[in-house]
Amino acid sequence: MDNDYFSIDAILAENQKIQCTFKVDVPDMGHLGGGSDRDIKALTKVPIPIWLAYIVLYSDWADFNIPAPFGPRVRNALKAEPRSVKLSALVGAGGLWYGFGKMIMDILSEEQANGMSEVLTQTFRGRLTEVIDQAQHFATLGPAGGASSDAAQFREGLDVTERELFSLVQDSAKRTKLWFEGNDRARR
């Protein structure tokens, strides 16, 4: 995912909220927490979008904890078997798990960011073969036999990036099959 200003995926990933614990009182900003308080008091936990969190964290007004989709429980599940984790269910906005992880990396220390990068990379690598295999499998089956519902069910658990890859591979497999069948007829 690119960090382009006009990228819809980047906009959606930046809109994900992270829990920030404020270190200082912030006057006239109580509306950020969605409550009726006028001010944000020190030690108040407020979920704010990551685009706003950059400002709050770099101004040293608050701290944050790594969100649950990247916490120890999910990391352990991904280490055990990355293909079994339904990434789309971990974050909202259509399953932008990789994009949200990239945004989190941008605000972490170098050491923590390297650890997060390792998790994102290993997860993608661990799931890549399955995504490609399933895309090719469903492409060769065609519309018959309920394959489209099975393909939709498989795609449901994928991140947006993986869904795009799935569609590209599936389209490529279909085109390759058509090309091969067209060349086979010409040889007869």
Side-chain angles (χ1 to χ4, degrees), residues 1-128 131 155-165:
M1 184 194 76
D2 49 353
N3 236 355
D4 183 16
Y5 179 80
F6 296 107
S7 167
I8 297 299
D9 289 342
I11 292 168
L12 291 173
E14 282 185 336
N15 229 10
Q16 294 289 325
K17 293 186 177 187
I18 60 173
Q19 188 85 4
C20 291
T21 304
F22 281 80
K23 298 178 185 178
V24 296
D25 292 345
V26 183
D28 299 324
M29 288 294 171
H31 62 277
L32 290 178
S36 60
D37 295 337
R38 180 182 165 108
D39 302 333
I40 296 177
K41 301 290 182 194
L43 302 179
T44 302
K45 293 183 180 183
V46 179
I48 57 175
I50 201 161
W51 62 265
L52 179 59
Y54 290 132
I55 298 162
V56 171
L57 295 170
Y58 289 136
S59 298
D60 205 30
W61 295 346
D63 287 325
F64 85 104
N65 293 325
I66 294 180
F70 305 100
R73 185 174 177 192
V74 173
R75 285 182 185 217
N76 289 337
L78 290 170
K79 284 180 185 176
E81 181 53 66
R83 296 175 297 172
S84 68
V85 178
K86 196 172 185 178
L87 294 181
S88 64
L90 295 176
V91 293
L96 290 161
W97 187 78
Y98 293 108
F100 186 35
K102 169 67 174 83
M103 298 290 173
I104 296 294
M105 281 176 47
D106 291 342
I107 57 178
L108 293 173
S109 68
E110 186 175 348
E111 183 180 323
Q112 289 175 315
N114 289 339
M116 176 78 77
S117 176
E118 185 69 25
V119 169
L120 295 174
T121 303
Q122 291 303 321
T123 299
F124 189 78
R125 285 182 182 159
R127 295 167 61 94
L128 181 62
V131 171
R155 287 186 62 198
E156 195 175 289
L158 301 177
D159 174 83
V160 169
T161 306
E162 294 169 336
R163 281 188 213 139
E164 289 175 6
L165 179 62

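By convention here, the first residue in the shown sequence is residue 1.
The NZ atom of Lys17 lies 10.0 Å from the CH2 atom of Trp51; values are rounded to the nearest 0.5 Å. The OG1 atom of Thr123 sits 4.0 Å away from the CH2 atom of Trp97 when rounded to the nearest 0.5 Å. A distance of 10.0 Å separates NZ in Lys86 from CG in Leu158, rounded to the nearest 0.5 Å. One distance of note links CD1 of Ile48 with CD1 of Ile18; it measures 6.0 Å at 0.5 Å rounding. Summarising the geometry, atom CG belonging to Leu165 is positioned 11.5 Å from atom CZ belonging to Arg127; distances are rounded to the nearest 0.5 Å. To the nearest 0.5 Å, atoms CZ (Phe70) and CE (Met105) are separated by 10.5 Å.
Side-chain atoms of Leu90 and Phe100, non-hydrogen and from C-beta on, never get closer than 4.5 Å to each other. Residues Phe64 and Val56 are not in side-chain contact: their nearest non-hydrogen atoms beyond the backbone lie 4.5 Å or more apart. Side-chain atoms of Pro49 and Asn15, non-hydrogen and from C-beta on, do get closer than 4.5 Å to each other. With contacts defined as side-chain heavy-atom distances shorter than 4.5 Å, the pair Thr161/Phe124 qualifies. Val119 has its side chain out of reach of Val74: every pair of non-hydrogen atoms, C-beta onward, lies at least 4.5 Å apart.
For Asn65, the CG atom is loosely surrounded, since the number of other residues' heavy atoms within 6.0 Å does not exceed 12. Residue-environment remark: CD (Glu81) exceeds the threshold of 12 foreign heavy atoms within 6.0 Å.
Residues Gly126 and Pro82 approach most closely at CA-CG, 3.9 Å, considering heavy atoms. Summarising the geometry of Lys102 relative to Leu120, their closest heavy-atom pair is N-CD1, 4.0 Å, with the distance given to 0.1 Å. Closest non-hydrogen pair, Val91 versus Pro69, comes out as CG1-CG, 3.8 Å.
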>> Checking Tyr58 against Ile107 for the side chain to side chain contact (heavy atoms under 4.5 Å, CB included) test, could you report, in this order, the C-alpha distance in whole Å, the side-chain angles of both residues, the deciding distance, and whether it holds?
In response: CA-CA 8 Å; Tyr58 289 136; Ile107 57 178; 3.8 Å; yes
> Which is it for Asp39 and Asp25 under the side chain to side chain contact (heavy atoms under 4.5 Å, CB included) test, yes or no, and what are the steps along the way?
Replying inline: CA-CA 7 Å; Asp39 302 333; Asp25 292 345; 6.0 Å; no
>> For a side chain to side chain contact (heavy atoms under 4.5 Å, CB included) check, start with the C-alpha distance between Thr44 and Val26, then their side-chain angles and the critical distance, and finish with the verdict.
In response: CA-CA 10 Å; Thr44 302; Val26 183; over 6 Å; no
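Among pairs with a residue in residues 58-70, those fulfilling salt bridge (Lys or Arg N to Asp or Glu O under 4.0 Å) read Lys23-Asp60, Lys23-Asp63, at least two apart in sequence or across chains. Residues in residues 65-79 take part in no salt bridge (Lys or Arg N to Asp or Glu O under 4.0 Å) pair, two or more places apart or across chains.
Of the N and O atoms on the side chains of Glu14 and Tyr54, not one donor lies less than 3.5 Å from an acceptor on the other residue.
Each of Arg163, Arg155, Glu162 was scored for a side-chain contact (heavy atoms from CB on, under 4.5 Å) with Ser88, with one residue passing: Arg163.
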